[in-house]
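Just below is one structure, and these are the notes that go with it.
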Protein chains: 2
Amino acid sequence: MNGVTFGNLAQRKRQLVRDELAEAALKLLAFRGFEETTIDEITAAAGVSRRTFFRYYKSKEDVIIEFLGHVGEEMQAALAARPASETPTQALRQTLTVFTDACVAYPEKSVRLTRLILTTPSLTARYLERQLEWKNKLAAQLQKRLGGKNNLRPVVLIGMAFAALDAALDTWSASDGKQDLAELLDEAFAIAFSAD
Amino acid sequence: MNGVTFGNLAQRKRQLVRDELAEAALKLLAFRGFEETTIDEITAAAGVSRRTFFRYYKSKEDVIIEFLGHVGEEMQAALAARPASETPTQALRQTLTVFTDACVAYPEKSVRLTRLILTTPSLTARYLERQLEWKNKLAAQLQKRLGGKNNLRPVVLIGMAFAALDAALDTWSASDGKQDLAELLDEAFAIAFSAD
DNA sequence: CCGCGTGTGGCACTGAGTGTCAACAGTGGC
DNA sequence: GCCACTGTTGACACTCAGTGCCACACGCGG
């Protein structure tokens, strides 16, 4: 074939630089504050040029938000995979397990990340925007599942599920990860999806 | 008194400049696109210097978001004013009337604004951040009303109310303001606060 | 008329983000 | 081993957002 097959060596080098930047960013931003830290300081710590930073991340906010990875796509797939026998509530509760499991798998890092996001206005804004994308994906998926022509219902149900998730996450990060996130989410779901 | 009594003349001049900037911004941003319009173009249209712009608004996003005004404080006051005989659901539904009434009072402008916000990522982000402030205010207010020690419940209920509002607003702006916003919100509330 | 507070414009500066280009390294064909 | 191709990188220059600073003008009160 013409040119390069592109062995995984180059790709692993890319991943290395990407991780180096992400770790340096999280350390500096959490320690010295988001607004107070410049991209030049991050790139200096990671040992690459400023120009290279923007080849991996769109902005300073992006480095942090990208820690969330592809949770949106994974949740959409998880919802699609739930058996049709489940009620929407049950299916949504199980779908959000994708998110909470990631938090529980790396508790200390997740708490640090959550605190940084919730205490930095511009990060909060970007995070909520990302969450909105997740909601839209999941609402479309739920629309398929419910099958009706009422497009209000799936959107409302997804909004409720995330209202429960947000409440659980707030309490969880406020307790420094000491409370059980899954239990908190169960409790929040019980409040949302039952008696008014 | 020392110095200036500060008659309302100066204040009205300030309000005049503020409005001029806001109108010029909305016109240009909606017409030519948010990212494509520079602050210099807005200030040129309003007839003031770039430096003056930043004495009235913190950023380009801010000009648009400020159109929302003090809805947050007004909703908090509205919730506080609801009679104790109402159920939380009823009280919240009435509280959101503050928002929807403002939309219905200036339908064409509200739809333009909503579309601009929802189609511009950085505006969506800032809007959601503002909405989060509203939620926090209202959750604190609802906490007082409910009186219990369970802080999960008010947060979840507020989240549900806004899930209903968001869904209604989406549908409303998608219909170009032709559907009845109050009816849409009633419908969304019925979905959220009843059978799961 | 004179001081005082306030609004304004101009200027310089930092930082974010982008386009462009030359240098360089890995890969495959010969 | 040589060479062409391709992707990554760093350096430079540029635009735009946002801020600090200072001099100037206006309205008001004494």
Side-chain angles (χ1 to χ4, degrees), chain A residues 1-22 24-26 28-29 32-66 120-126 129, chain B residues 1-22 24-26 28-29 32-66 120-126 129:
Chain A
M1 194 184 309
N2 243 355
V4 184
T5 320
F6 219 163
N8 36 15
L9 192 152
Q11 288 206 358
R12 265 182 297 162
K13 268 176 80 174
R14 247 191 103 76
Q15 191 59 40
L16 208 75
V17 175
R18 190 178 173 82
D19 292 346
E20 192 66 26
L21 277 169
L26 182 56
L28 285 174
L29 296 179
R32 308 181 43 177
F34 186 84
E35 309 291 351
E36 291 72 22
T37 308
T38 71
I39 293 184
D40 290 272
E41 294 171 319
I42 297 172
T43 57
V48 298
S49 76
R50 206 174 66 95
R51 194 61 188 87
T52 293
F53 175 90
F54 289 105
R55 291 196 176 96
Y56 285 87
Y57 299 101
K58 289 198 303 295
S59 66
K60 217 182 357 173
E61 288 85 5
D62 202 40
V63 199
I64 300 302
I65 297 303
E66 281 292 305
T120 308
S122 65
L123 280 178
T124 309
R126 292 292 168 181
E129 186 199 348
Chain B
M1 194 178 317
N2 243 353
V4 184
T5 321
F6 221 162
N8 33 17
L9 191 153
Q11 287 207 358
R12 265 182 296 163
K13 266 177 81 176
R14 247 190 101 76
Q15 192 59 41
L16 208 76
V17 175
R18 192 177 172 83
D19 292 346
E20 191 67 26
L21 276 170
L26 181 56
L28 283 175
L29 295 179
R32 308 180 42 178
F34 186 84
E35 309 290 351
E36 291 71 24
T37 308
T38 71
I39 294 184
D40 290 271
E41 294 172 319
I42 297 173
T43 57
V48 297
S49 77
R50 206 173 67 94
R51 193 63 188 86
T52 293
F53 174 90
F54 288 105
R55 291 195 175 97
Y56 286 88
Y57 299 101
K58 289 198 304 296
S59 66
K60 218 181 357 172
E61 288 86 4
D62 202 39
V63 199
I64 300 302
I65 298 302
E66 281 292 303
T120 308
S122 65
L123 280 178
T124 309
R126 293 291 169 182
E129 187 198 349

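The model shown is predicted, which means the values in this text are computed figures rather than measured ones. Chain naming here is simple, since letters A, B, ... match the order of the sequence lines and numbering starts at 1 in each.
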Report the C-alpha separation of Ile42(B) and Thr38(B) in whole Å, then their side-chain angles, then the decisive distance to 0.1 Å, and conclude whether the side-chain contact (heavy atoms from CB on, under 4.5 Å) test is met.
-> CA-CA 7 Å; Ile42(B) 297 173; Thr38(B) 71; over 6 Å; no

side-chain contact (heavy atoms from CB on, under 4.5 Å) with Gln15(B): which residues, sequence neighbours excluded?
-> Arg18(B), Asp19(B)

Applying side-chain hydrogen bond (donor to acceptor under 3.5 Å, both in side chains), name anything that partners Thr52(B), two or more places apart in sequence or on another chain.
-> Ser49(B)

Would you indicate, yes or no, if dT8(D) has its OP1 or OP2 atom less than 4.0 angstrom from a side-chain nitrogen or oxygen of Arg14(A)?
-> yes

Calculate the interatomic distance between Arg51(B) atom CZ and dG20(D) atom C1'; express it in whole Å.
-> 7 Å

Could I get the full list of side-chain hydrogen bond (donor to acceptor under 3.5 Å, both in side chains) partners for Asp62(A), not counting sequence neighbours?
-> none

For Glu129(A), side-chain hydrogen bond (donor to acceptor under 3.5 Å, both in side chains) partners two or more places apart = Arg126(A)

Measure the distance from CD on Gln11(A) to C1' on dA25(C) and round it to the nearest whole Å.
-> 16 Å

Enumerate the residues from residues 52-62 of chain A whose closest heavy atom to DNA chain D is under 4.0 Å, giving them by residue number; use none for an empty result.
-> Thr52(A), Arg55(A), Tyr56(A)

Set of residues satisfying side-chain hydrogen bond (donor to acceptor under 3.5 Å, both in side chains) with respect to Arg32(B), sequence neighbours excluded = Glu41(B)

Sequence neighbours left out, what passes salt bridge (Lys or Arg N to Asp or Glu O under 4.0 Å) with Arg55(A)? Give chain and number order.
-> none

Quick one: is Arg50(A) getting a side-chain N or O under 4.0 Å of the dG17(C) phosphate, OP1 or OP2?
-> no

Separation of Arg12(B) atom CZ from dG7(C) atom C1', in whole Å?
-> 17 Å

When the distance from CZ of Arg18(B) to P of dG7(C) is rounded to whole Å, what number comes out?
-> 13 Å

Closest non-hydrogen atom pair between Arg50(A) and Thr43(A), with its separation | CA-CG2, 3.8 Å

Looking at residues at least two apart in the chain, or sitting in another chain, which of them share a side-chain contact (heavy atoms from CB on, under 4.5 Å) with Ala45(A)?
-> Ala24(A), Leu28(A)

Roughly how many Å is it from NZ in Lys13(B) to P in dA25(D), rounded to a whole number?
-> 14 Å

Could you tell me the separation between the CG atom of Leu29(B) and the C1' atom of dA17(D), rounded to a whole number of Å?
-> 14 Å

Within residues 32-40 of chain B, residues whose heavy atoms come under 4.0 Å of DNA chain C = none

